[in-house]
Amino acid sequence: MNKDLIIKKYKKQIKSLNYYNKKYYNDNISQITDSEYDNLKKEIIDLEKKYKYLESKVSPTKTTGYKPSKNFKKALHRVPMLSLANAFNEDDLLNFEKKILNFLSQNINSNIYYTAEPKIDGISASLSYKKGKLISGLSRGDGKEGEDITSNLATIKDIPKIIFAKDFPEEIDIRGEVFIQNSDFDKLKEKFANPRNAASGSLRQKNSEDTKKIPLKFIAYTFGFEKGLKIDNQFNYLKKLSDWGFKTNPLNRLITGVKNLIKNYNEVEKQRANLDFDIDGIVYKINDFVLQKRLGYVGNAPRWAIAHKFSSNKAISEILDIDIQIGRTGALTPVAKIKPINIGGVLVSNATLHNEDEINRKDIRIGDTVIVERAGDVIPHILSVDIKKRSKKSSKFIFPNNCPSCGSKTIKEFNLITKKNDAVRRCSSEGYYCEKISVEKLKHFVSKEAFNIEGFGKKIIENFWKLNLIKFPQDIFKLNYKKIGKLEGWGNLSVENLKYSINDKKNISLERFIYSLGIRHIGLENAKLLSKYFGSFSQFKYLSKNNRFKDLINIDGIGETQVNSLKNFFSNEMNLKVLTELEKILTINNTVFERKNGLLKEKTFLVTGKLNGVSRAEIKSLIEENSGTTVSSVSKKLNYLIIGDKPTKRKVEDARKLKIQIINQVQFFKMLNKTS
Ligand code: IVH
């Protein structure tokens, strides 16, 4: 069979498999027998193994087991299931510890204790117990909401269904990892690409009798919601877990000092190949629960924990071509198209080259033999070039001076903060004039954190753009559904679904709206700050008319870079037109101010000088947790100036003039009914 025919066959098989998946999981219909299904899947896997060039994002080897089934009920986690930041080397760990000590305002020589827990590569689950009885079990889902897979989890022998221990909390969500041991996976090899897929697929079986047949294991390591847990550190918690009948990892350790963490890491890595379960790193958690609580969270990961990933997988390949991708903000990102190569179980055919400077620094050229590295979930990148293997005819890669999409000049901006030219080259066109930028902007507009239009994926945006159905965000709300209905692959139902998803999102919060505009440097957090500041769309829109850009600098968290970017955005006629058009179609809701009733409600604070035993960051989170706000300058809006050691004289004088209350650290903690 020639290559074209093989690709055609492969694509067709994947299409059928995904069709059967959809029928089975969404419509409860089995159109083929289990063995026919398994054979089809195996054929796809075998084809991929034999012909390394075959690749598909929706291949069963890429998707985690099965798609989340709509058959499972969704349920909210009472406490979100978070993810972990990654560390790859000693420097990352030193940095992690330094940040913690800064936040806690502790001496660099303080001994912080961590638990070091091997990170099993499986599927996490949260088990809710009430009065010792297992009442429900959820998958992680998106961290906020999971799938109710209680009956499947209940088939796992390692999960106690009833716990009699007197000290078992009245209510607790026990969390841990569901996985398959490598020795058991050997027997399932034909059906699944790897142990993780096998665990995930088995947990999502429609019929729990099918799950029961798979030897799933469960290791417990943390908890979510709890009532009556009387333990004050993680290591004791791990010990208690095993007293209560849960399995815990025998390689869990209690360690202090980065040097010792590294020593343990190296020892575990040596044993890695001999373990009967896959681990991809070690999780470090601050042992003391009081410190964990003080440190809190940033984004969706705790400040008090980190995953130290095992060294990456590397492979040798060849650069076939260098592609230039253009992002939403006009950034030109070079991507190396490499000869497909299997790195740690994943077929890699693209590697990022980051930016122009990186290509020049490593002198990367088309045709070069290179070492490609793939570490964890990070995009593969080129580690080094084997110059000896370079052909004499090879020539330096010249980064384009013009945008490959619209032909505009490409520029490197001067960064006001670093006082250097950016490493990134950008298309200098004004957003919507460049095809690639427009398409990326539209993808961002409908994305999850922006308008979150379900079923409006990247491929559809690209296709609709080509067909002139959408050019600007407002066009999304004026789609020609008749025309879409006639397109290949679109039926009545899918058109109706799309129409419904779009209309459903015409009502939007100001915060999401601002984010969806894709203004450079205005991510989710900044959009939130701006929406709080403006309160309404009309205020936001008139920003340029009133020329109030200067005032924005007073928002804590907004800097010169963001202000300049907003100025740029509003000086572009096309952007103003988009805003006017969207305003006609949408209901943009005013910001809802959370009226939290904390002790510092409606009070504003500013800190000057060094405080004792508590960092600025911790004071800021304390103020916010108690419904207060922090500001960055002395103005009439300020209620309290907290002064520490060596305060800025100017701030104190200004505060005096404005008759603002000046307090010290002790007085501040008294306001919170705390002593320090
Ligand atoms: S603790 C806030 N402990 O790693 C704490 N996670 O990237 C978050 N994992 O989704 C989880 N072993 O699936 C924790 N000993 C361990 C773990 C562990 C594996 C997984 C888990 C989680 C992911 C976080």
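We use all heavy atoms of the structure for the numbers below, so side chains are in, but hydrogens, waters and symmetry mates are not. Atoms within each ligand, like the ligands themselves, are counted from 1 in listed order.
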Only heavy atoms count here, so choose which of Phe179, Tyr221, Tyr284 is nearest to atom 12 (N) of ligand 1.
Tyr221
State yes or no: are the ring centers of [X] and [Y] separated by less than 6.0 Å?
X	Y	value
Tyr265	Phe310	yes
Tyr297	Phe103	no
Phe277	Phe185	no
Tyr515	His444	yes

Intermediate values then yes/no, salt bridge (Lys or Arg N to Asp or Glu O under 4.0 Å), Arg196 and Asp278
CA-CA 9 Å; Arg196 192 171 186 275; Asp278 281 349; over 6 Å; no
Quick one: which ligand 1 atoms are inside 4.0 Å of a heavy atom on [X]?
X	answer
Glu117	3 (N), 15 (N), 16 (C)
Ile120	12 (N), 19 (C)
Pro302	2 (C)

What about [X]: any of its N or O atoms under 3.5 Å from an N or O on ligand 1?
X	answer
Glu177	yes
Thr222	no
Trp304	no

Within the 3.5 Å criterion, strictly below it, is a donor on Thr115 or Glu117 matched to an acceptor on the partner's side chain?
yes
Tell me whether ligand 1 is touched by Met81 - counting only heavy atoms on the residue side and a distance under 4.0 Å.
no
Hey, is Ala307 one of the residues with a heavy atom under 4.0 angstrom from ligand 1?
no
Distance-only, no hydrogens or angles: does the Ser208 side chain make a donor-acceptor pair with backbone N or O of Thr211 under 3.5 Å?
no
